[in-house]
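Each remark here refers to the structure printed beneath this line.
It should be emphasised that the depicted structure is a prediction, and the values quoted were computed from it without experimental measurement. Letters A, B, ... mirror the listed sequences (proteins, then strands); counts begin at 1.
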2 protein chains.
Amino acid sequence: MNKMRKEHNLTKNQKIIFDLIDKSSQPLKAYSILYNVQKKGIKAPLQVYRALDKLVEIGKIHKIESRNAFIACHNSSCQVAKATAFSICEICEKVTEISSAGLSKYLANFKDKDGMKYSKYNLEFFGLCKKCTLK
Amino acid sequence: MNKMRKEHNLTKNQKIIFDLIDKSSQPLKAYSILYNVQKKGIKAPLQVYRALDKLVEIGKIHKIESRNAFIACHNSSCQVAKATAFSICEICEKVTEISSAGLSKYLANFKDKDGMKYSKYNLEFFGLCKKCTLK
DNA sequence: TTTTTAGTTGTTATAATATAACACTATGTA
DNA sequence: TACATAGTGTTATATTATAACAACTAAAAA
Ligand SMILES: [Zn+2]
Ligand SMILES: [Zn+2]
Ligand SMILES: [Zn+2]
Ligand SMILES: [Zn+2]
């Protein structure tokens, strides 16, 4: 029903790989994904990368560029993968997708000196997460 | 001796590689840099990557994460190696470092829902540059 | 129904990006 | 001088990602 209409559109490989990323508490790297899905019959890097490309394209996952890793989108308003922001802990590598109406609005409307507007952005914040700050 | 903002004295390899990047009108990739400096005696990837790491660390260059490429900082002696923003044209791949006081201020002060503040960020905007818009 | 089409799959091979390990050299400072 | 710190040169290897091509599948068009 409302549950996984989108997910039903995923192909077998896409679903296997999405489920793995979605269950994970931290971003996963392509070859770590490959290793984890080999028992399900996905044997080659290209099978993983193709699924990842598609999942990124439809906004089910995001790529954390500074880490070459992939995280499931848990931001219901983020249908489109065109406006992403993350916080990254430099100690434990915990990554969280930031969902801030103020931030999205500010960035979506940002214009540079020439008045150029952008169709897409990706923002990565770095610092220490709560847990690591206390250590 | 006090710690005056000592001009980082670049070593030979660092200088060769910085000069190349600085002269370039677009971001350069590590192996493209390697091919271009082989005539100057830099023969191995590691020599390039070590220089790049150092140059990034001291803010003379920045890495464009989504492109795995490096660009010289033109933000007058970049205090902001830890606060970077770029615009990237998705057609011609032209990259420009954004220098906007408003944007830097907004992001430097941004706090997430938990009140977490960040020590560093990188923002990449995507769209079409002026030239490509007109085509 | 059959045909066509776009998209996905499976596979091998290879390209592109980046780091490990180790011996050595240069340079600044006590 | 002796020591510490940073950079160098080198070989080998790890990690991340794409090229090329044949085959399959679902669904749209005829
Ligand atoms: Zn999202
Ligand atoms: Zn942490
Ligand atoms: Zn800069
Ligand atoms: Zn352009």
Practice task
Strictly below 4.0 Å, heavy-atom distances to any atom of DNA chain D: list the hits from residues 26-50 of chain B, or just say none.
Solution key: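 Contacting residues: Lys43(B), Ala44(B), Leu46(B), Gln47(B), Arg50(B).
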Output yes when at least one side-chain N/O atom of [X] is less than 4.0 Å from OP1 or OP2 of [N], else no.
X	N	answer
Thr11(A)	dG7(C)	no
Lys63(B)	dA18(C)	yes
Asn68(B)	dT16(D)	no

Return the value, rounded to whole Å, for the distance between atom [atom1] of [X] and atom [atom2] of [N].
X	N	atom1	atom2	result
Lys54(A)	dA17(D)	NZ	P	19 Å
Leu10(B)	dA6(D)	CG	P	16 Å
Arg67(B)	dA16(C)	CZ	P	17 Å
Asn13(B)	dA6(D)	CG	P	17 Å
Gln14(A)	dT25(D)	CD	P	16 Å
Asn9(B)	dA6(D)	CG	C1'	13 Å
Glu65(A)	dT17(C)	CD	P	14 Å
Lys12(A)	dG10(C)	NZ	C1'	10 Å

With a 3.5 Å cut-off and sequence neighbours excluded, list the donor-acceptor pairs that the side chains of residues 28-35 of chain B form with protein atoms.
{"residue": "Lys29(B)", "atom": "NZ", "partner": "Arg67(B)", "partner atom": "O", "Å": "3.3"}

Practice task
For this output row, return yes or no: ring centroids of Phe110(B) and Phe125(A) closer than 6.0 angstrom.
Solution key: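 Under 6.0 Å, so yes.
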Handout entry: Pair Asp19(B) + Lys15(B): basic N to acidic O under 4.0 Å
Key =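 Counted as a salt bridge, because a side-chain N and a carboxylate O are separated by less than 4.0 Å.
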Handout entry: Gap separating the CG atom of Asp114(B) from the OG1 atom of Thr96(A), nearest 0.5 angstrom
Key =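 That separation rounds to 8.0 Å.
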Handout entry: Rounded distance [0.5 Å steps], OG in Ser119(B) versus NZ in Lys82(B)
Key =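 With rounding to 0.5 Å, OG (Ser119(B)) is 6.5 Å from NZ (Lys82(B)).
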Looking at [X] and [Y], would you say the former's side chain and the latter's main chain have a donor-acceptor pair under 3.5 Å?
X	Y	answer
Ser24(A)	Pro27(A)	no
Glu124(A)	Glu65(A)	yes
Lys113(A)	Ser99(B)	yes

Practice task
Starting from the first five and the last five pairs of the helix from dT1(C)-dA30(D) to dA30(C)-dT1(D), work out the angle between the resulting helix axes, to 10 degrees.
Solution key: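 Result, rounded to 10 degrees: 40°.
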Completion exercise
With sugar-phosphate taken as primed atoms, P, OP1 and OP2 and all else as base, the protein-contact string of nucleotides 25-30 of chain C at under 4.0 Å (heavy atoms; B, S, -) is ------
Problem - Asp22(B) and His74(B): side chain donor to acceptor below 3.5 Å - result: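 His74(B) and Asp22(B) do have a side-chain donor-acceptor pair below 3.5 Å.
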Show every donor-acceptor pair shorter than 3.5 Å between a side-chain atom in residues 43-52 of chain B and any protein atom, with sequence neighbours excluded, or say none if there are none.
{"residue": "Gln47(B)", "atom": "OE1", "partner": "Lys43(B)", "partner atom": "N", "Å": "2.9"}
{"residue": "Gln47(B)", "atom": "OE1", "partner": "Ala44(B)", "partner atom": "N", "Å": "2.9"}

Exercise for the section: Would you please name every residue forming a ring-ring contact (aromatic ring centres under 6.0 Å, His included) with Phe18(B), sequence neighbours left out? Expected result: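 Once residues adjacent in sequence are excluded, Phe18(B) has no partner under the ring-ring contact (aromatic ring centres under 6.0 Å, His included) criterion.
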